[in-house]
Amino acid sequence: QAAQPATGGKPPSSDTLLLGEVVSLTGAQATFGVSTRNGVDLALNEVNAAGGVKGKKLAVRVLDDQSKPEEAAQAATRLITQDKVLVILGDVASSNSLAMADKAQAAGIPMITPASTNPAVTEKGDFIFRVCFIDPFQGFVMAKFAREHLKVERAAILQDNKSAYSIGLTEVFSQKFKELGGTLLATESYSQGDTDFRAQLTSIKKLKPQAIYVPGYYNDVGIIARQARELGLTVPMMGADGWDSEKLFELAGNALDGSYFSNHYSPANPEPRVQKFIADYKAAYGSVPDALAALGYDAARVAIAAIEKSKDLSGPSIRDAIAQTKDFPGVAGTITLDEKRNAVKSAVILKVGNGTTEFVTTVHP
Ligand code: PHE
């Protein structure tokens, strides 16, 4: 089954420049794609309203990968061979971006993932970029917060063994938490989409941890949290950016109150450019942007700035322009791409409570 075309696709014409986007609009991580879409559209609309780029309007062809790596790979191929896009934006979940990156790299078409944090994504080659930090940093941030702020001495981990992202974060957190003097009691696993986590949670409960690291996606984490509380496992959970979704609160109810996760952005950031973005986003979509909306917006703007600077709009010339991104004023932090095509940026820690999050602290690299 081919990746589904979604909204926003317009046939390219001689007076449009066409970008491609692959996102999860349906399936397990659907809110990731919806938010990213909104952010990308906001950026494109702003640039088009101001006259476009190189005298042309921007358009985007969007394909839904249904939250599946095989579909993401097919979608990338279609954008490259049929739609002949200048740049590909996407995806969010690292396993999907890994599948896309092989195609973009082989074709010499630049790809910018807004939000995939697994290091292997940009290691696929010199056409693959990201506008977010990577998991060795994100995992370290939570291990340090657990030890120094929460004073956790005994922790357990519950990882998703189907996700490159979750496996990577588990590795980093384990290593850093132990280096910082903590005791890691156990690492239990589940597979994305499971619905019964009671066996793993029961084993963890017996070990009496003071906190549990659950580096998964919101759709699983919400259920995990509820089942943990039902089993009387009431200690705080700690997570990462994959928790970032309105749906987390719907699924978890109050089960995550008092838990913490690392993320890319906080709407509480008082910087004028962030507050302007939030106001514009609210006016357009009626909700407060999450990290994915902010990163989607930033990824699109970095791509557009590179298209503007590119000499001849070929893949290599756009690639070279993206690679030079420096001190770019993103709404999810200032973006400078390093020699490995990763953004070096701060992380924030958010605390969950009453169906929302509260800003706790910023951690610099
Ligand atoms: N970092 C996650 C991954 O690589 C994706 C993600 C980013 C999810 C930001 C939510 C918010 O899989």
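For ligands, and for the atoms within them, numbers begin at 1 and follow the listed sequence.
The shortest N or O to N or O distance between Asp241 and ligand 1 is under 3.5 Å. Considering both main-chain and side-chain atoms, Tyr165 never comes within under 3.5 Å of ligand 1 through any nitrogen or oxygen pair. When only interatomic distances are considered, the shortest N/O to N/O separation between Ala115 and ligand 1 falls below 3.5 Å. The shortest N or O to N or O distance between Asn263 and ligand 1 is not below 3.5 Å.
The two residues Asn342 and Thr122 come nearest to each other via the heavy atoms OD1-OG1, 2.7 Å.
For the 3.5 Å distance criterion, the side chains of Asn38 and Tyr281 qualify, holding a donor opposite an acceptor. Thr334 and Asp327 are not linked by any side-chain donor-acceptor pair at a separation below 3.5 angstrom, with hydrogens and angles left out of the test. Side chains of Asp126 and Gln105: a donor-acceptor N/O pair is present below 3.5 angstrom, by distance only.
Of the protein's non-hydrogen atoms, the one nearest atom 4 (O) of ligand 1 is Ser94 OG, 2.4 Å. Distance from atom 12 (O) of ligand 1 to its nearest protein heavy atom, with residue and atom name: Tyr217 OH, 2.5 Å. Protein heavy atom at the shortest distance from atom 6 (C) of ligand 1 is Val92 CG1, 3.4 Å. With hydrogens left out, the protein atom closest to atom 8 (C) of ligand 1 is Phe32 CZ, 3.5 Å, a heavy atom.
Aromatic ring pairs are classed by plane angle as parallel below 30°, tilted from 30° to 60° and perpendicular above 60°; the pair Phe173 and Phe177 is parallel.
A salt bridge between Asp196 and Arg198 is present, with a side-chain N of the basic residue lying under 4.0 Å from a carboxylate O of the acidic one. Taking the charged nitrogens against the carboxylate oxygens, Asp15 and Lys57 have no contact shorter than 4.0 Å, which rules out a salt bridge.
Interface of Ser116 with ligand 1, defined as ligand atoms under 4.0 Å from a residue heavy atom, comprises 4 (O). Distances below 4.0 Å separate heavy atoms of Ala93 from the following atoms of ligand 1: 12 (O).
Contact annotation: the side chain of Lys345 never approaches that of His364 to less than 4.5 Å [non-hydrogen atoms, C-beta and beyond].
With a heavy-atom cut-off of 4.0 Å, Leu292 touches ligand 1 through its side chain alone.
Using 4.0 Å as the threshold, His264 has a heavy atom nearer than that to some atom of ligand 1.
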